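Ligands are counted one by one from 1 in listed order, and the atoms in each one are counted from 1 as well. Everything quoted here is computed from the prediction, not taken from an experiment.
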Amino acid sequence: MDAYKAILSKLDVRQFDSKKVPAEVKLRVLEAARASGTGNNKQEWRFLLVQEKEMLKRLAEDSTSGGWVAGANFAVIVLSDPTLGFHLIDAGRAVQNMELAGWDQGVISGIYTGVKDEKMRKDFTIPAGLKPVAVVGFGYPVKRILGKKNRMPLPELASIDKYGNKFDPKKLS
Ligand SMILES: Cc1cc2nc3c(=O)[nH]c(=O)nc-3n(C[C@H](O)[C@H](O)[C@H](O)COP(=O)(O)O)c2cc1C
């Protein structure tokens, strides 16, 4: 899939088909995480793959806002080092790359950030210096994804000059 099309059409979903995602797609997702750039190339993130039904259920129980992950085919817990000022940017870039790599193969995903830190640490043996900052659940979509995003218009989000004039495509040089 064209990268731009993938960005524009990818929605965050919370419902998945029961169809199995092949191992090679999971590998592409993890490789996409690994390929992400980090501040100073620190690479102080780690990725925990969760594939067993039982563990996906456990993951859901360890969450405050991602109970839906129980229905995912697999999930990736993103861990990062909270002492680094840019750790959330690093994690976010890896999340986005994983989601787009999956979507390129027809696998949709959703992210959540609400985790019960202590419980999750125990259940998934998370190293003390790392923090679970996001979880991404993946699977095939249950219905056709139309890619209609609820977003503010570009002129509300971007300015075209240093005076704060709203973005206007006619003023692009
Ligand atoms: C930083 C961040 C945190 C999020 N946390 C949650 C979450 O805890 N639970 C959840 O179900 N969705 C979560 N989302 C998903 C957002 O609700 C979703 O990206 C947004 O509604 C846009 O969805 P769309 O791309 O399908 O339009 C999070 C998204 C981001 C970027």
Side-chain angles (χ1 to χ4, degrees), residues 1-18 21 25 29-30 32-33 35-39 42 44-51 53 55-124 126 130-158 167:
M1 191 187 298
D2 168 73
Y4 187 62
K5 191 175 166 205
I7 292 164
L8 292 196
S9 63
K10 162 70 177 65
L11 293 177
D12 278 350
V13 307
R14 301 172 181 86
Q15 230 192 326
F16 304 91
D17 194 84
S18 55
V21 175
V25 175
V29 166
L30 290 173
S36 311
T38 50
K42 288 263 191 196
E44 290 292 352
W45 29 219
R46 294 294 180 270
F47 308 101
L48 234 158
L49 178 67
V50 183
Q51 330 181 66
K53 262 270 145 269
M55 292 313 284
L56 286 163
K57 258 171 69 188
R58 184 84 61 88
L59 196 56
E61 285 160 14
D62 293 356
S63 167
T64 55
S65 59
W68 48 262
V69 81
N73 179 262
F74 73 100
V76 178
I77 306 172
V78 180
L79 311 172
S80 62
D81 175 353
T83 65
L84 298 175
F86 37 71
H87 80 108
L88 289 176
I89 298 178
D90 292 345
R93 296 188 83 193
V95 165
Q96 190 73 10
N97 278 352
M98 286 193 287
E99 293 200 284
L100 291 173
W103 189 223
D104 173 61
Q105 300 293 304
V107 169
I108 197 85
S109 53
I111 174 183
Y112 68 82
T113 46
V115 298
K116 295 176 188 163
D117 192 274
E118 231 174 274
K119 203 168 170 304
M120 197 178 193
R121 279 182 187 284
K122 273 201 207 113
D123 286 346
F124 292 89
I126 292 169
L130 293 174
K131 190 175 163 57
V133 289
V135 178
V136 190
F138 294 85
Y140 286 105
V142 282
K143 55 178 187 223
R144 201 170 144 249
I145 305 287
L146 295 171
K148 184 112 186 65
K149 287 179 190 260
N150 174 15
R151 299 291 189 271
M152 290 159 69
L154 201 47
E156 299 300 316
L157 299 169
F167 171 80

Requested in this report: Give the intermediate values and the outcome of salt bridge (Lys or Arg N to Asp or Glu O under 4.0 Å) for residues Lys119 and Asp123.
Outcome: CA-CA 6 Å; Lys119 203 168 170 304; Asp123 286 346; 3.5 Å; yes

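Listed by number with element, the atoms of ligand 1 under 4.0 Å from a non-hydrogen atom of Tyr112 are 5 (N), 6 (C), 7 (C), 8 (O), 9 (N). Near Thr113, meaning under 4.0 Å from any of its heavy atoms, are these atoms of ligand 1: 3 (C), 4 (C), 5 (N), 7 (C), 8 (O). Here is the list of ligand 1 atoms found below 4.0 Å of a heavy atom in Gly114: 8 (O). Near Arg151, the atoms of ligand 1 lying under 4.0 angstrom from a non-hydrogen atom of the residue are 22 (C), 24 (P), 25 (O), 27 (O). For ligand 1, the atoms lying closer than 4.0 Å to a non-hydrogen atom of Arg14 are 10 (C), 11 (O), 12 (N), 15 (C), 16 (C), 17 (O).
Classification of Asp62 and Arg58 as a salt-bridged pair fails, no side-chain N sitting under 4.0 Å from a carboxylate O.
Under a 3.5 Å cut-off, the side chain of Lys57 and the backbone N or O of Gly71 do not form any donor-acceptor pair. With Lys10 contributing its side chain and Asp104 its backbone, the two residues share no donor-acceptor pair below 3.5 Å. Ser109 contributes no side-chain N or O that, together with a main-chain N or O of Phe138, makes up a donor-acceptor pair within less than 3.5 Å. With hydrogens and angles ignored, the 3.5 Å screen pairs a side-chain donor or acceptor of Ser63 with a backbone N or O of Gly114.
Distances from atom 6 (C) of ligand 1 to the protein include at least one heavy-atom value under 4.0 Å.
For ligand 1, the polar-atom distance check finds an N/O of Ile111 within less than 3.5 Å of one of the ligand's N/O atoms. Residue Trp68 has at least one N or O atom closer than 3.5 Å to an N or O atom of ligand 1.
Residue Phe74 forms a side chain to side chain contact (heavy atoms under 4.5 Å, CB included) with just one option from Val50, Val29, Val25, and that option is Val29.
Of the candidates Thr64, Val95, Asp12, Asp12 brings a heavy atom nearest to atom 23 (O) of ligand 1.
For the residue pair Ser80/Asp90, the side-chain donor-acceptor check at 3.5 Å is not satisfied.
With respect to atom 8 (O) of ligand 1, the closest heavy atom belonging to the protein is Ser65 OG, 2.6 Å.
The closest approach between any non-hydrogen atom of Gly66 and ligand 1 is not below 4.0 Å.
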